[in-house]
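Residue indices begin at 1 and follow the sequence shown. Note that ligands are numbered from 1 as they come in the structure, with each ligand's atoms numbered from 1 the same way.
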Amino acid sequence: MEVYYQLPVLALDRPVPKHVLGRRGAISLNSNASLFGGRSPRQLSKRRGAISYDRTDQTALFICLLDMRLTGRGIIIKSEKRGGTKLWVDFRLLHNQSGVGCVSGKRHRQHLSLQRYLHPIRGFSNSSALPTGPVAPPPPPQRTLGLLDQQYYGQASVMLKRVASWNFDIFLFDRLTDGINKGETLGCVLQHLFHKYGLIELFGLDPLRFHKFAGLLQEYYYTRNPYHTSVHAADVTQAMCCFLQEPKLAQSLTSWDILLALLGAATHDLSHPGVTQDFLIKSNHYLALLYQDGAVLENHHWKLGVCILRESGLLSHLPVEDRLCFEGRLNSLILATDISKQREFLSRFDAHLKNDDLSMNNGNDRHLILQMALKCADICNPCRPAVISKQWSHMVTQEFFQQGDMERALRQEISPLCDRHSNDMASIQTDFISFVAEPLFTQWAKFCKSPLSRCMLGNLQENKRYWSGSAP
Ligand SMILES: Nc1ncnc2c1ncn2[C@@H]1O[C@@H]2COP(=O)(O)O[C@H]2[C@H]1O
């Protein structure tokens, strides 16, 4: 199987000096990757990779690596001439397996073009485009995150082209965008999807108001939560996009449905405090009092979603009756994510499946299906590929244990699953998959028989085998 690395992209702030390029306008590499430059893609099958540059855009390098394991932190590009200049291409992001794009069987000829930057990249700006002499390895990651992200913005935009892929790695995307705009991952995904579905034009949305809305969204997700952060919201929004692409939905959903689905996903956990409703009730939290102990978190998420919609003015140009109807539908969509109501929700949905009476032409039925889709998107992490799913498992377990530590400190009874001394991640995951995720996705697959549903159930079973210890 050919394995192509999704290379981080490297942009230069001025054309590559002629003396660096080889005879054919390419660059040979002197590295453990033993790459040869200047080969045309058709020769790639015999070569292990190529780096060449686009004559029309001499600040862009095209890099393609084949089926190799990179050691160290990157490669040094060395001009073909003896003792020539060297260029450091950093592969640190690649060492995260999720950065690998597997292309089993088919040739992935697409090169990743590089982004030209309007301003010089830090670290290259006060020297020639290519540093002379041996290139010192870059400083430790934490100091170069900004530089790394500056280099990889182009990679983020390449990833967004595959936003409807179930294997989309939100964690890689978050790293690629975070350093540039201080964690606007959710805003980036939502903005891309709004353009993908033409919602800006269809609803006459003001780009500045959208930008303000996205900024408020980001602001009202707490970064200190191990799990309930804007990255979770971005993941749920991306999952919702995958469901909206399902033929059974795509052919019938209206633009209002799509607007509701995306905004519902983006706002569904707004200002989540990282603790459960029971904790809020036990500690007499004002939210529990405000919402009379009923769907406290979900009502809070929804109310805040309405507040930032109104504060940003995103929909303020629409007729008031449309806005109020939208806010009401947003409420019932977000309230559907209350996991404590899942059993009754599934029995209701199951009755429809048995009667086969759901019609995509019926607005109420479409709304019920969107509720089901958001429920699935909200807890889809066990259905993601293992390397991504395990990261979510770790985060959600840490959030449970963090709550248990607080309850222990407050001398309160420790909530189920939250005592780190009597619970373990594997059993929490096995039970969650068996008793919560599996029933939901099994029912979703009955309604939406598709390759995606089969893929999700397959990942679910694989992850269940892993956590239950029955995986080989
Ligand atoms: N992988 C998981 N393991 C255990 N619980 C989970 C997992 N993913 C989601 N959840 C729980 O499912 C809940 C859905 O609603 P919340 O997002 O409020 O909180 C979520 C978590 O408590």
- Query: Heavy-atom distance under 4.5 Å between the side chains of Tyr291 and Lys303, does that happen here?
  - Reply: yes
**Message:** Do the side chains of Arg162 and Asp169 get close enough for a salt bridge, i.e. N-O under 4.0 angstrom?
**Reply:** no
* To do: State, yes or no, whether a side-chain contact exists between Leu304 and Thr267 at a heavy-atom distance under 4.5 Å.
  => no
Partner of Ile334 under side-chain contact (heavy atoms from CB on, under 4.5 Å), picked from Arg329, His301, His300, is His301
One line per pair, note the atom names and distance for all nitrogen or oxygen contacts under 3.5 Å between ligand 1 and the protein.
residue  : atom   : partner : partner atom : Å
ligand 1 : 1 (N)  : Asn381  : OD1          : 2.9
ligand 1 : 1 (N)  : Gln429  : OE1          : 2.9
ligand 1 : 3 (N)  : Gln429  : OE1          : 3.4
ligand 1 : 3 (N)  : Gln429  : NE2          : 3.0
ligand 1 : 8 (N)  : Asn381  : ND2          : 3.0
ligand 1 : 17 (O) : His228  : NE2          : 2.8
ligand 1 : 17 (O) : Asp269  : OD2          : 3.3
ligand 1 : 19 (O) : His228  : NE2          : 3.3

Parallel, tilted or perpendicular, judged at 30° and 60°: which one describes the rings of Phe173 and Phe168?
tilted
TODO: For the residue pair His232 and Trp392, categorise the inter-ring angle as parallel (less than 30°), tilted (30 to 60°) or perpendicular (more than 60°).
DONE: perpendicular
